[in-house]
Every structure is written in C-alpha cells, then in structure tokens.
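Just so it is clear, the values below take in all heavy atoms, side chains as well, and ignore hydrogens, waters and symmetry mates. In each ligand, atom 1 is the first atom listed, and ligand 1 is the first ligand listed.
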Amino acid sequence: MSTDFLPIKRIDHLEYYVGNAKQAAHFYDRVFGFRATAKLGLETGSRDRSSYLMEQGKARFVLTSALVPDHEINRHCALHGDSVKIIALEVGDVESAMGETKARGATVVQPPRAQQDSHGVLKTGIIKYAGDVEFKFVERGDYTGCFAPGFQSIEAHGSEPVGLAAIDHIVTNVHLGEMNYWVRWFEKTMGFTQLCGFTDKDISTDYSALMSKVMEDGTGKCKFPINEPAEGKKKSQIEEYLDFHCGPGVQHVAMNTRDICKTVRILRERDVDFLRIPDTYYDELRDRVGHIDEDYDELQDLGILVDRDEDGYLLQIFTGPMQDRPTLFYEVIERHGSRGFGLGNFKALFVSLEREQAKRGNL
Ligand code: FE2
C-alpha cells in the first residue's frame, strides 16, 4: 500500500475576499449563526487589511477586506465579487506538504513561512488551485494563539447558532474541458483519489447539463467535487457562474448539520432563500427513498431533499446565491450513512435552478 505523501488533518478554514468584511461578518452571524471570535485589523496592527474569524461547530470562515485602494483583495473582488480565495488545510508538516506537492507540479504562491507571536509559531505555505483559488497548508504545531499571529480574540456576542457542525465538501466550477485536468492534478499533486463521477447523462434537463467528479483525500475528510458545463440547449448554470465569477471558483460550500429540519427552520425564519423544489418531487419521493427517521411532510414543508444509495441516505437543501452575482451558494446536508452527493436529486434541483436562472434572464 502506498503511503499518503500529503496527510491532511482537517479543513482548517476557508478565507473569503469580500467588499466589506465588517458587514459580511454581521451577515454570517445574524443569518447563519456564526460567531466572530477573533479579528485582525487596524486595532491589531494590520495597516492594509481587516479579517474576521467566524466559527460555528468545527467550521471556520475568515472574511477579509482591504483597507487601502490599490490591493489584490480589491482586484479580486472587482473581478470575482465576494468569493472564496483560500481553502486552508491543516497538516502536520508544512515544509513536507509544500515540498511534496511542488515536486509533483504544484505552482507555489507562497513558500513555507513561519510567523511568530507571543503564543508561538504558525507555519503556512500556499499553492495555486483553479482560477484564483489557492490551497493553504497550515501547521499549527504547539501554537496556542486564538487563530494566527496578528489576530486577537474578540468578545463573542452573536445570534444563536443554527446547528452547522462542519464543512462537508467544497465544490469548484471550471471551464468546459478542464475538469479532467483538475482530476489528474488532485491525483498527481495532492495524492487524492476519485470518489465518484457523474456524466451529463446523469445530470441533465432539457436545457442544461453538467459533468462532475469528486476528489477525496486519503482520510476521506476532504471532499472536492469539480463541475464543468456540458452541452445543453441553453446556457448551463455552470456557464452562468463562470460568466459572472469571471472564471473558475468555488460554487458551493456544503455544511453538515445533525438536525437539518431545525437548522433549515431557523434559517428560513432569518429569511435565507432556499431553492424551491417542485411539489411533484415529493409525490414520488416516498417510493424512491423508503423509510427514513424524518417526517416526510415536514421535509416537504421545509423544501428539504432526500436521496438514498447503497450506504444509507442523506438530506440536503441548497440556498440561492449569497451575493447579487449568481455565484457562491451554500448547501446544508445531514448524512445518515450515505457518502454520496445526492445524485437522485440533481434532476429536480436543476429544474429549480433553471427557473431561477430564467428569472435572471440568463437561460
Ligand atoms: Fe454539494
């Protein structure tokens, strides 16, 4: 058995570049139940950027804005809108992670770097991924600070958490013809394996289609589906994303919950708009999925989708876009054995996605 040359401990955090980190932090707090636990900014000695660390369960998001006009963060936001810039993975040894991936073709953005403060040393290194997205390796070692040098803990007020427990998977959209390039890149450079794949025959409606392959690390903790558009009669939702994001990037982040009905009920009370699924979806659901612990009527009431495979079942729901551009959205997912991604739901989902896309005049 080959040894894993890139052992990953967990998804450390996601960093978003946004136009106004203070307002974004408020939104993630009040709507999604994240709590701001640390901050970097003028008060902490940062002259060019401001960042908020948002936490819920094991999930950590960092929301970052520039404080000065001529800055890569502003250029990123002008081009892509608010979007995910960094997918950070915790590793035991950054030197090794950078050395192994570089030797296998990774483009280095930031060589291994040690940052020190009174709480110890934190090591990081960054490599390029699709579009302007980057993978950051983080070695925490015995660093005891709240998050990273430069960050200071802040008094955690905030709304009630909604039960989001961890990041389940992170999906990237790439251009037509690029999916297999990134599949090979994950295999060769990161040592990941392909978990499953869908072709346009699995995922298509009359109008649009996509292809998707899921890459997974050796531990199964990190799952990265990659989508590319497929030929359809009209513009696919992936093309719409690529047009408005101006290139590849993170399409959705799926968040685990242990009680999806409760999570979704609270999110709906806080005015999160979820994709509306045709009622006909629920007519055939009971036959397709069979017995589950949840109440079908409640799922229908909340618009939650169900899918079953050989390992078990899963419950999932998708939000609308999180910004004016039809780009990043979220998925809430509760797994009961299934390790899949809801293939049986894709068709119902696409009908719904296309309805929204048509309303935006992009179909
Ligand atoms: Fe997903």
For this session: Taking the Fe ion (ligand 1) as the reference point, name the nearest N/O/S atom of Glu331.
Result: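 The Fe ion (ligand 1) is closest to the Glu331 atom OE1, counting only N, O or S.
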
For this session: To the nearest 10 degrees, could you say what angle the Fe ion (ligand 1) makes with NE2 of His169 and NE2 of His252?
Result: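 Between NE2 of His169 and NE2 of His252, the angle at the Fe ion (ligand 1) is about 110°.
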
Exercise. Should the ring pair Tyr16 and Phe61 be called parallel, tilted or perpendicular, given that the plane angle runs from 0 to 90° and is split at 30 and 60?
Worked result: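 Ring orientation of Tyr16 relative to Phe61: tilted.
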
Exercise. Do the rings of Phe192 and Phe186 sit parallel, tilted or perpendicular, given the 30° and 60° boundaries?
Worked result: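 Tilted, since the angle between the ring planes falls between 30° and 60°.
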
Exercise. Taking 2.8 Å as the cut-off, does an N/O/S atom of Asp168 lie below it from the Fe ion (ligand 1)?
Worked result: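 Given the 2.8 Å cut-off, Asp168 does not count as a ligand of the Fe ion (ligand 1).
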
Exercise. Is any NZ, NE, NH1 or NH2 atom of the basic residue among Arg288 and Asp307 found under 4.0 Å from an Asp or Glu carboxylate oxygen of the other?
Worked result: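 Salt bridge between Arg288 and Asp307, a charged N being under 4.0 Å from a carboxylate O: yes.
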
For this session: Please determine if Arg104 forms a cation-pi arrangement with Phe5, meaning its NZ or CZ atom is less than 6.0 Å from the six-membered ring centre and no more than 45° off the ring axis.
Result: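 So Arg104 does make the cation-pi contact.
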
